[in-house]
Amino acid sequence: MRRGVAAALVLTAAACGPKGPPPTFAPDPGLLEQIRELRISTSTSACPGETFGAVYTAVLNDGSLVPFETHYDKDRPPRLHVVFLTRWSTEATPLENGSWNAHRDPLVSAMTGFRVTAELKSKPSITTSAVVTPDYSCLQHAFGFRGAGAGASGPQVTVRLGILRSPFYDRLLVAGIEAEDAPPFYVFADARAVPPSDWLIIESRGARGARGADGATGVAGSAGQDGCPGGAGGPGGAGGNGSAGGPGGRGGQITIIAPLEEPFLAGLVDAVVPGGEGGVGGTGGKGGAGGKGGAAAPATDPRCIAGAAGAAGAPGAKGPEGRDGQPGTRPQIVTVPTRDIWGTRIPLTLGQLIDYRPAPQRR
């Protein structure tokens, strides 16, 4: 089955969400006695972080095959069901519908592939295993980083590139990405299938500028004097204008480290270092409330009327946005011997890839 079709089937099954069998559902003891072998058929390849399907089959003593079903119908219960299996893997997580979710870190499966194992619960001696080849075509190739804190410059990002080997690829492109002091993470690709340039997009952007301060609320108008007629209230004061937003941070610095033996690998990286956006201007302050009109005095004299309330003050203007930050410096490209590319923080699996040499073929 083609990989795309298999993925579609898996997604459909997950969306339908069929109910599993009840806890009391058990296989026929007579059928169990006849099982001499388990078989598993999986997708030929899977991408880290994605789901891949699997089909499980029991081989009976007479050679006939009985599938382990993934659905359950109480009126027509299946002879065998995937709940009768114990399934495990170091590189993938078993799902209820019989499928697997591949570990998203490509380092986890780089040397081993996705190894999956199924065991018959009632007869643990009967097991089956399969290895699914890692496929890196679905991995993310664009990563963005920002400065920490309002108006901060973009971070220092280091990209290390090299061609290694694995049991599955004779030319495995590996990119290690580090932002400041954070642990590196890795992106893999089949080196024979990547474009000649701009395969990996790295952005180190300055932080957005600080938000401007809000304007102060205008002072309240004074109250009118009591009298006949009462005095008018004073007008409220105007609200203060919001202050300007702060400038955006400067774009960061990106360093690309490529091997002396294959310096063209640096061209696979599109390094972008834009400045941060200017901060939003502060909100204008509210106008002050108009003063209360003076009371009619004496209140018993019908000719006396209360004074009018003062007008509210005008609201302050919104502050202007801050200017955008300046772009960072041009990316720095450094070429070093292959053995020096990966720095000092080398994960165990990456070290195994660096040292991997395929066993010579026997003639």
Side-chain angles (χ1 to χ4, degrees), residues 47-49 90-92 102-115 134 136 138-149 152-191 194 198-207 249 251-273 328-358:
C47 203
T90 306
E91 301 83 26
H103 198 293
R104 66 175 54 255
D105 184 354
L107 278 176
V108 170
S109 55
M111 289 295 295
T112 61
F114 300 103
R115 300 169 296 181
Y136 305 120
C138 77
L139 292 184
Q140 181 180 345
H141 295 151
F143 303 92
F145 305 90
R146 266 190 182 271
S153 297
Q156 167 68 48
V157 180
T158 302
V159 182
R160 305 173 188 270
L161 296 160
I163 302 292
L164 303 177
R165 286 184 173 185
S166 80
F168 305 96
Y169 294 92
D170 64 343
R171 285 181 60 80
L172 178 66
L173 174 60
V174 179
I177 303 166
E178 306 172 41
E180 298 287 350
D181 296 326
F185 64 92
Y186 297 88
V187 181
F188 291 0
D190 180 355
V194 296
D198 300 343
W199 165 72
L200 187 64
I201 301 172
I202 303 294
E203 179 182 275
S204 179
R205 180 184 292 270
Q253 170 67 47
I254 298 176
T255 301
I256 304 168
I257 302 177
L260 276 171
E261 298 85 349
E262 298 183 273
F264 66 88
L265 292 180
L268 295 176
V269 181
D270 181 11
V272 187
V273 286
T329 58
R330 295 181 61 181
Q332 181 181 9
I333 298 176
V334 179
T335 55
V336 298
T338 298
R339 65 179 180 274
D340 298 328
I341 290 173
W342 307 106
T344 57
R345 296 189 291 181
I346 300 178
L348 175 62
T349 302
L350 179 59
Q352 293 173 340
L353 288 170
I354 294 170
D355 296 334
Y356 176 74
R357 300 294 182 272

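Please read these numbers as outputs of a predicted model, since none were measured by experiment.
Here the CG atom belonging to Leu107 is positioned 10.0 Å from the CD atom belonging to Gln352, to the nearest 0.5 angstrom. In this structure, the separation between CD1 on Ile254 and CG on Asp270 is 8.5 Å, given to the nearest 0.5 Å. Taken from CG in Asp181 to CZ in Arg345, the straight-line distance is 6.5 Å, to the nearest 0.5 Å. In this structure, Ile346 CD1 and Ile341 CD1 are separated by 10.5 Å, a value rounded to the nearest 0.5 Å. In this structure, CZ in Arg104 is found 10.5 Å from SG in Cys47, a value given to the nearest 0.5 Å. Of the inter-residue distances, the one linking Tyr356 atom OH with Leu350 atom CG reads 15.5 Å to the nearest 0.5 angstrom.
The minimum heavy-atom distance between Leu265 and Gly162, with the atom names listed, is CD1-CA, 4.0 Å. Listed here is the closest heavy atom pair of Gly149 and Ala207: O-CB, 3.0 Å. Closest approach of Pro134 and Ser109 over heavy atoms only: CG-O, 3.5 Å. Considering all non-hydrogen atoms of both residues, Trp199 and Ala175 come closest at CZ3-CB, 4.1 Å. Taking all atoms of both residues into account, the shortest heavy-atom contact from Ala189 to Tyr136 is CA-CB, 4.0 Å. The shortest non-hydrogen separation linking Ser166 to Ala110 is CB-O, 3.7 Å.
Counted by atom type alone, Ser204 and Gln253 present zero donor-acceptor pairs between their side chains at under 3.5 Å.
Here Phe185 and Phe143 bring their ring centres to under 6.0 angstrom of each other.
Taking 4.5 Å as the limit, every side-chain heavy atom of Pro48 sits out of range of all side-chain heavy atoms of Val108. A heavy-atom distance below 4.5 Å is found between the side chains of Pro358 and Arg165.
Evaluated for a side-chain contact (heavy atoms from CB on, under 4.5 Å) with Ile202, the options Val273, Ile177, Val272, Ile256 yield exactly one hit, Ile177.
Checked by atom type and distance alone, the side chain of Arg146 pairs as donor or acceptor with a backbone atom of Gly206 at under 3.5 Å. In this structure, the side chain of Glu262 does not engage the main chain of Phe264 through any donor-acceptor pair within 3.5 Å. Side-chain atoms of Glu91 come within 3.5 Å of backbone atoms of Arg115 as a donor-acceptor pair (strictly under, hydrogens ignored). The main-chain N or O of Ile257 is never found under 3.5 Å from a side-chain atom of Arg160 such that the two would form a donor-acceptor pair.
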* Are Thr338 and Leu260 close enough, and set up right, to give a side chain to side chain contact (heavy atoms under 4.5 Å, CB included), and what steps lead you there? -> CA-CA 7 Å; Thr338 298; Leu260 276 171; over 6 Å; no
Show the numbers, then the answer: is there a side chain to side chain contact (heavy atoms under 4.5 Å, CB included) between Gln156 and Thr255? CA-CA 8 Å; Gln156 167 68 48; Thr255 301; 3.1 Å; yes
Q | Full working for ring pair (Phe, Tyr, Trp, His ring centres under 6.0 Å) between Tyr169 and Phe188 | A | CA-CA 11 Å; Tyr169 294 92; Phe188 291 0; 9.1 Å; no
| said: The test is side chain to side chain contact (heavy atoms under 4.5 Å, CB included); show your working for Ile163 and Leu173 and say whether it passes. | reply: CA-CA 5 Å; Ile163 302 292; Leu173 174 60; 3.9 Å; yes
**Report entry** Residue pair Leu353, Tyr186: steps toward the side chain to side chain contact (heavy atoms under 4.5 Å, CB included) verdict
**Finding:** CA-CA 13 Å; Leu353 288 170; Tyr186 297 88; over 6 Å; no
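With a 6.0 Å radius and a threshold of 12 heavy atoms from other residues, nucleotides or ligands, Arg330 has its CZ atom at or below the threshold.
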